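For clarity, every value in this text was computed on a predicted model and none was experimentally measured.
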Amino acid sequence: MKTAVIVTGGKIEKEFVSSFLNKTPYDYLIGVDHGIEFLRQEERIPTHIVGDFDSSCEETLEWFRKKEGIEIRRFLPEKDETDTQIAVELTMELQCDTIYILGGSGTRIDHLLGNLQILSKPFQRGIACYLLDSHNKIQLCRKYLKIKKTEQFGKYVSLIPHGEKAEGVTLKGFYYPLSDAVLDNTTALGISNEIVEEEAEIFVKTGDLFVIESRD
């Protein structure tokens with residue numbers, strides 16, 4: 001089992017990211033573009049650095065070049081993939097089983113939506129991939145997902161179809177249960193549910209769901 005943490009170049013919440021890195025065991029730490037500025041400030045040495053580095057300074061990149069054991073992959077800005085997508089591809093190359101993406105949200109909604117889409121590729125390969133910030137933990141669900149109340153990230157759990165619709169959605173252990181429901185991309189039916197039992201279960205017959213655990 002291998003775990004990778006990606007620190008990318010969106011909004012870096014220093015206290016949250018530092019706390020997460022301190023308490024989460026990982027095998028690989030990957031700095032992505034502007035995310036390497038945070039890693040340098042915290043004096044955390046990544047295993048890998050990737051990106052076109054159009055939003056980080058050459059001085060920081062040179063600082064890491066002088067450190068031993070860091071693999072640096074630099075790309076041209078005129079590329080098809082985002083820097084975060086390149087980092088996720090790297091984690092799959094490294095045969096990771098679990099991926100955490102930090103700094104993947106912020107003021108750029110286009111990047112946030114892109115990062116949500118990026119979760120799909122590892123998910124399709126059976127790799128657990130999470131997009132995290134101080135208020136949200138986002139993952140994809142196919143067929144079945146169980147969340148323990150003692151381990152949930154925040155107070156609320158929201159379900160949003162990834163694609164046109166998810167069918168046969170049944171919820172157990174939630175304040176608002178569902179039975180064989182359809183969630184499609186024209187409704188907000190799955191927003192702001194709450195876990196009321198020790199465990200909550202999500203069943204899906206067809207389609208995929210974004211599962212968003214959130215707190216205010």
Side-chain angles (χ1 to χ4, degrees), residues 1-51 55-56 60 63-64 67 69-72 82-109 111-123 127-141 145-158 195 200 210-216:
M1 301 290 286
K2 295 180 182 179
T3 297
V5 179
I6 296 170
V7 180
T8 190
K11 181 180 180 182
I12 303 291
E13 301 166 295
K14 293 183 179 181
E15 184 176 345
F16 171 76
V17 175
S18 293
S19 174
F20 184 87
L21 292 174
N22 286 337
K23 67 184 181 183
T24 304
Y26 56 81
D27 300 282
Y28 302 105
L29 176 60
I30 302 173
V32 182
D33 206 283
H34 187 68
I36 68 173
E37 301 292 344
F38 166 81
L39 295 177
R40 182 184 178 184
Q41 291 170 10
E42 295 286 307
E43 296 187 349
R44 295 182 184 271
I45 305 302
T47 57
H48 299 76
I49 289 175
V50 302
S55 59
S56 59
T60 297
W63 188 83
F64 282 114
K67 306 294 181 182
I70 303 175
E71 181 178 334
I72 299 176
T82 66
D83 292 332
T84 305
Q85 184 176 349
I86 289 170
V88 171
E89 294 279 356
L90 172 59
T91 64
M92 293 188 289
E93 179 185 322
L94 295 168
Q95 299 183 329
C96 293
D97 306 286
T98 305
I99 306 165
Y100 297 102
I101 303 173
L102 310 177
S105 57
T107 57
R108 287 286 300 272
I109 299 301
H111 279 292
L112 172 59
L113 292 173
N115 288 338
L116 290 173
Q117 295 291 77
I118 287 169
L119 298 180
S120 298
K121 197 162 187 179
F123 172 73
I127 301 169
C129 189
Y130 306 93
L131 183 64
L132 287 165
D133 61 33
S134 63
H135 293 281
N136 305 282
K137 177 183 179 183
I138 306 171
Q139 62 181 306
L140 280 165
C141 166
L145 181 67
K146 178 171 66 177
I147 304 174
K148 295 182 179 180
K149 187 173 180 61
T150 56
E151 298 176 358
Q152 70 180 114
F153 186 81
K155 179 180 179 181
Y156 304 103
V157 180
S158 295
I195 297 174
F210 284 113
V211 179
I212 306 171
E213 299 172 58
S214 58
R215 53 195 178 211
D216 290 329

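In the displayed structure, Gln95 atom CD is contacted under 6.0 Å by at most 12 heavy atoms of other residues, nucleotides or ligands. Taking a 6.0 Å sphere around NZ of Lys148, one finds it holds 12 or fewer heavy atoms contributed by other residues, nucleotides or ligands.
Of the inter-residue distances, the one linking Ser214 atom OG with Asn136 atom CG reads 5.5 Å to the nearest 0.5 angstrom. Distance CZ/Phe38 to OG1/Thr60: 13.5 Å, rounded to 0.5 Å. To the nearest 0.5 angstrom, Lys155 atom NZ is 15.0 Å from Glu213 atom CD. Note that CD of Gln117 is 9.0 Å distant from CG of Leu140, once rounded to the nearest 0.5 Å. With rounding to the nearest 0.5 angstrom, the CG atom of Leu132 is 8.5 Å from the OG1 atom of Thr24. Note that the CG atom of Leu131 and the CD1 atom of Ile118 stand 9.0 Å from one another [nearest 0.5 Å].
Residues in residues 26-36 take part in these side-chain hydrogen bond (donor to acceptor under 3.5 Å, both in side chains) pairs, two or more places apart or across chains: Asp33-Ser55. Screening residues 4-14 for side-chain hydrogen bond (donor to acceptor under 3.5 Å, both in side chains), with sequence neighbours left out, gives Thr8-Thr84, Glu13-Ser134, Lys14-Gln41.
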### Task
Evaluate side-chain contact (heavy atoms from CB on, under 4.5 Å) for His48 paired with Leu90, printing each intermediate quantity in order.
CA-CA 9 Å; His48 299 76; Leu90 172 59; 3.8 Å; yes
### Message
side-chain contact (heavy atoms from CB on, under 4.5 Å), that's the test. Do Leu102 and Asp133 meet it? Break it down for me.
### Response
CA-CA 6 Å; Leu102 310 177; Asp133 61 33; over 6 Å; no
### Task
Carefully, step by step, assess Ile12 and Val7 under the rule side-chain contact (heavy atoms from CB on, under 4.5 Å).
CA-CA 8 Å; Ile12 303 291; Val7 180; 3.9 Å; yes
### Message
Leu29 vs Leu21, test: side-chain contact (heavy atoms from CB on, under 4.5 Å). Steps then yes/no.
### Response
CA-CA 9 Å; Leu29 176 60; Leu21 292 174; 3.9 Å; yes
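In terms of heavy-atom proximity, Leu39 sits nearest to Gly31 at CD1-CA, 3.7 Å. Residues Asp97 and Met1 approach most closely at OD2-CA, 2.8 Å, considering heavy atoms. Across Thr3 and Pro25, no two heavy atoms sit closer than the pair CG2-O, 3.8 Å. In plain terms, the two heavy atoms of Ile127 and Thr98 that are nearest each other are CG2-N, 4.2 Å. Between Ile99 and Ile6, the shortest heavy-atom contact is CG2-CD1, 3.9 Å. The shortest non-hydrogen separation linking Asp83 to Val50 is O-CG2, 4.2 Å.
For Glu71, the salt bridge (charged side-chain N to carboxylate O under 4.0 Å, His left out) partners are Arg73, not counting sequence neighbours. The salt bridge (charged side-chain N to carboxylate O under 4.0 Å, His left out) search around Glu15 returns none, not counting sequence neighbours. By the salt bridge (charged side-chain N to carboxylate O under 4.0 Å, His left out) test, Arg108 is found to be paired with Asp110, residues two or more places apart in sequence or in another chain being considered. For Tyr100, the ring pair (Phe, Tyr, Trp, His ring centres under 6.0 Å) partners two or more places apart in sequence, or in a different chain, are Phe20, Tyr130.
Proximity of Met92 to Pro122: side-chain heavy atoms (C-beta onward) are separated by under 4.5 Å at one or more points. Looking at Ile138 and Val211, their side chains never come closer than 4.5 Å, going by heavy atoms from C-beta outward. Considering only heavy atoms from C-beta on, Ile101 comes within 4.5 Å of Cys129 through its side chain. Side chains of Arg44 and Asn22 form a contact here, defined as non-hydrogen atoms less than 4.5 Å apart. Residues Val5 and Ile30 have side chains not in contact (no heavy-atom distance under 4.5 Å, counting atoms from C-beta outward).
In this structure a side-chain-to-backbone donor-acceptor pair under 3.5 Å is present from His135 to Arg215. Although no hydrogens or angles enter the test, the distance criterion places a donor-acceptor pair under 3.5 Å between the side chain of Asn115 and the main chain of Gly104. Looking at Ser19, its side chain never comes within 3.5 Å of a backbone N or O of Phe16 through a donor-acceptor pair.
Geometric assessment of Arg40 against the ring of Phe64 yields a negative cation-pi assignment under the 6.0 Å and 45° thresholds.
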